[in-house]
Amino acid sequence: MHAKEAHPSPSPMTLIVILVALMLLLGLTTGAAFIDFDKLLHGRWWSIGIALFIAVLKAALVVVFFMHVKFGSRTAGIFAMAGFVWLMIMIALMSTDYLFR
Amino acid sequence: MTTSDIAIPADEPLRNDVELLPHHAEQFEDMAQQRESATLGMWVFLANEILFFGTIFVGFYVMRSRFERDFAEGARELVWWIGCLNTAVLLLSSYFMASAVHAANTGETRAVTRRLIYTIILALVFFGLKMGEYGIDWHDKLVPLLNYSTVSPEGTPRGQHVPMLLCFYYFATLLHALHVLIGVVLLSIIAWMNHRGRFNQHYYTPVEVAGLYWHFVDLVWIFLFPTLYLLRH
């Protein structure tokens, strides 16, 4: 009973590829945690930067493919972005205080 | 459920074929508008949730930048492999959720129920592992106020600000665990409704919207895992 899709959505193959990519990124970020990048690259923000960069990549895959932002209406996409944009505003304004004291 | 299952009152004349399709609530123009409204509503709720959890993360990173050494020391004491395993469990459950929505979209009702059940089972596995991890934390005397020791099980003294990391850890993970439990209840109701034939290819918005919520729970953990467990240096 493989009827046609009622709405545009990622194919089963795409979902599996995304799952594999997410698991690989999980392995990568866990492995990276055992290397002291701050000491290796003489900086203070490398470890946090690498961990959060991989987290953002994973989150983007989930939002775009699992949560259908790529396939839904543009309004839904804008609404989805709104939360993250407000979070960025909060982080930016907080940083102006704490980073430059 | 086929279109013939939908009861049409005998005394009401049919205007057109649209009447035979699953009907939308009267405030909406059509099914598409109703579906989009539901999705937008969920995203508005999730935007709230993003800011709600966001404050915890911002607070964490501000405090971590002040007490870097103690926070790294605390992170090394947490059971990273359970955190890692739990991330994999949640990612897999998110995959099953996405494939359940896909099955709903192609009208494979039985597959929807099955995949929702896989999602729920994995959510319970996550919850069980988390509770087991709290047990280990309790055993290692890592619970501020209730069962905390200033000396680690290896006999080395713990930093003064390790309890601050732990407070973030418990607040964030318990709040997340609460979301997981709400998700289990929500997905169970959706799975039951689906089993009873309440959804079909033309109307499965509740499955989709519950899916959005579940992916969000996964999303929060994607950030909690590296934040709490992986900043070890």
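For clarity, every value in this text was computed on a predicted model and none was experimentally measured.
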Enquirer: Between B:W43 and B:F216, is the gap from one ring center to the other below 6.0 Å?
Expert: no
Enquirer: What distance separates B:R64 CZ from B:L231 CG, expressed to the nearest 0.5 Å?
Expert: 4.5 Å
Enquirer: With respect to chain B, which residue among A:V85, A:I48, A:I91 yields the maximal number of heavy-atom pairs within a distance under 4.5 Å?
Expert: A:I48
Enquirer: Measure the shortest side-chain to side-chain distance between B:M97 and B:R115 over non-hydrogen atoms and say whether it is less than 4.5 angstrom.
Expert: no
Enquirer: Measure the CZ-CE distance between B:R198 and B:M193 for me, rounded to the nearest 0.5 Å.
Expert: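 Nearest 0.5 Å value for the CZ-CE distance: 4.0 Å.
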Enquirer: Tell me, side chain or backbone of A:L19 under 4.5 Å from chain B's heavy atoms, or both, or neither?
Expert: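 Contact with chain B involves the side chain of A:L19 alone.
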Enquirer: Between A:V64 and A:F71, does the side chain to side chain contact (heavy atoms under 4.5 Å, CB included) criterion hold? Intermediate values first, please.
Expert: CA-CA 8 Å; A:V64 171; A:F71 304 87; 5.8 Å; no
Enquirer: So do the side chains of B:H161 and B:R69 get within less than 4.5 Å of each other, counting heavy atoms only?
Expert: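 Answer no - side chains too far apart.
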Enquirer: If you look only at pairs with a residue in residues 15-44 of chain A, which of them pass as a salt bridge (charged side-chain N to carboxylate O under 4.0 Å, His left out), with sequence neighbours excluded?
Expert: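 Residue pairs with at least one partner in residues 15-44 of chain A: A:R44-B:E68.
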Enquirer: Between A:F37 and A:H42, is the ring centre distance below 6.0 Å?
Expert: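 That pair fails the under 6.0 Å test.
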Enquirer: Charged N to carboxylate O under 4.0 angstrom, B:E133 versus B:K130?
Expert: yes
Enquirer: Which atoms of B:L46 come close to chain A, meaning under 4.5 Å heavy atom to heavy atom: side chain ones, backbone ones, both, or neither?
Expert: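 Interface part for B:L46: side chain.
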Enquirer: Starting from the C-alpha separation in whole Å, work towards a yes-or-no answer on side chain to side chain contact (heavy atoms under 4.5 Å, CB included) for B:L224 and B:Y229.
Expert: CA-CA 8 Å; B:L224 276 182; B:Y229 297 84; over 6 Å; no
Enquirer: Quick check: B:Y204 with A:H7 (ring centres under 6.0 Å apart)?
Expert: yes
Enquirer: Determine whether the aromatic ring centres of B:F53 and B:H179 lie less than 6.0 Å apart.
Expert: yes
Enquirer: Side chain, backbone, both or neither: which part of B:F225 has a non-hydrogen atom closer than 4.5 Å to chain A?
Expert: side chain
Enquirer: If you count heavy-atom pairs within less than 4.5 Å of chain A, which of B:A104, B:A103, B:G83, B:S94 leads?
Expert: B:S94
Enquirer: Verify side chain to side chain contact (heavy atoms under 4.5 Å, CB included) between B:E208 and B:R35, making sure each step is shown before the conclusion.
Expert: CA-CA 9 Å; B:E208 206 174 15; B:R35 175 172 178 259; 2.8 Å; yes
Enquirer: Using non-hydrogen atoms only, which part of B:W80 is less than 4.5 Å away from chain A: side chain, backbone, both, or neither?
Expert: side chain
Enquirer: Of all the residues in residues 20-28 of chain A, which have a heavy atom that comes within less than 4.5 Å of a heavy atom in chain B?
Expert: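 A:L22, A:M23, A:L26, listed by number.
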Enquirer: What residues of residues 49-56 of chain A make heavy-atom contacts with chain B at a cutoff under 4.5 angstrom?
Expert: A:A51, A:L52, A:A55, A:V56
Enquirer: Can you tell me which portion of A:S73 sits under 4.5 Å from chain B's heavy atoms? Options are side chain, backbone, both or neither.
Expert: side chain
Enquirer: With a 4.5 angstrom heavy-atom cut-off, is it the side chain or the backbone of A:F34 that approaches chain B, or both, or neither?
Expert: both
Enquirer: Which region of B:I222, side chain (C-beta onward) or backbone (N, CA, C, O), has a non-hydrogen atom less than 4.5 Å from a non-hydrogen atom of chain A, or is it both or neither?
Expert: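 Both parts, backbone and side chain.
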Enquirer: With only heavy atoms counted, which part of A:M94 is less than 4.5 Å from chain B, the side chain, the backbone, both or neither?
Expert: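 Only the side chain of A:M94 comes within 4.5 Å of chain B.
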Enquirer: Select one option (side chain, backbone, both, neither) describing which atoms of A:F84 are under 4.5 Å from chain B's heavy atoms.
Expert: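 Contact with chain B involves both backbone and side-chain atoms of A:F84.
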Enquirer: Would you mind telling me which of A:H68, A:K58, A:M81 has the largest number of heavy-atom pairs within less than 4.5 Å of chain B?
Expert: A:K58
Enquirer: Select one option (side chain, backbone, both, neither) describing which atoms of B:F57 are under 4.5 Å from chain A's heavy atoms.
Expert: neither
Enquirer: Nearest 0.5 angstrom please: B:L91 CG to B:Y95 OH, how far?
Expert: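 That separation rounds to 13.0 Å.
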Enquirer: So which part of B:E49 gets closer than 4.5 Å to some heavy atom of chain A, the side chain, the backbone, both or neither?
Expert: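 When you check distances to chain A, no heavy atom of B:E49 falls under 4.5 Å.
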Enquirer: Is chain B contacted by the side chain of A:S95, its backbone, both, or neither, given a heavy-atom distance below 4.5 Å?
Expert: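 For A:S95, no heavy atom lies under 4.5 Å from chain B.
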Enquirer: With rounding to the nearest 0.5 angstrom, report the CZ to CG distance, B:R76 to B:L230.
Expert: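 B:R76 CZ to B:L230 CG: 13.0 Å, rounded to 0.5 Å.
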Enquirer: Please classify the contact of B:L212 with chain A as side chain, backbone, both or neither, using a heavy-atom distance under 4.5 Å.
Expert: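 Both parts, backbone and side chain.
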Enquirer: Using heavy-atom distances under 4.5 Å, tell me whether A:F66 contacts chain B through its side chain, its backbone, both, or neither.
Expert: both
Enquirer: When you check the gap from the basic side-chain N to the acidic O, do B:R158 and B:E77 get nearer than 4.0 Å?
Expert: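 Counted as a salt bridge, because a side-chain N and a carboxylate O are separated by less than 4.0 Å.
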Enquirer: With sequence neighbours left out, what residues match B:I182 under side chain to side chain contact (heavy atoms under 4.5 Å, CB included)?
Expert: B:L178, B:Y213
Enquirer: Heavy-atom pairs under 4.5 Å with chain B - which of A:I18, A:I78, A:D97, A:V62 has more of them than the others?
Expert: A:V62
Enquirer: Start with the C-alpha distance between B:W214 and B:L90, add both sets of side-chain angles, then the distance that settles side chain to side chain contact (heavy atoms under 4.5 Å, CB included), and finish with yes or no.
Expert: CA-CA 9 Å; B:W214 188 249; B:L90 269 195; 3.8 Å; yes
Enquirer: Under a 4.5 Å heavy-atom cutoff, which of B:T227, B:L92, B:V58, B:L40 has the most pairs with chain A?
Expert: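 Top count of heavy-atom pairs under 4.5 Å with chain A: B:L40.
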Enquirer: Would you indicate whether the side-chain heavy atoms of B:T109 and B:F199 approach each other to under 4.5 Å?
Expert: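 No, every pair of side-chain atoms sits at 4.5 Å or beyond.
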Enquirer: Quick one: of A:S47, A:G72, A:A76, A:A82, who has the most non-hydrogen atom pairs under 4.5 Å with chain B?
Expert: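 Sorted descending by pairs with chain B, the first entry is A:A76.
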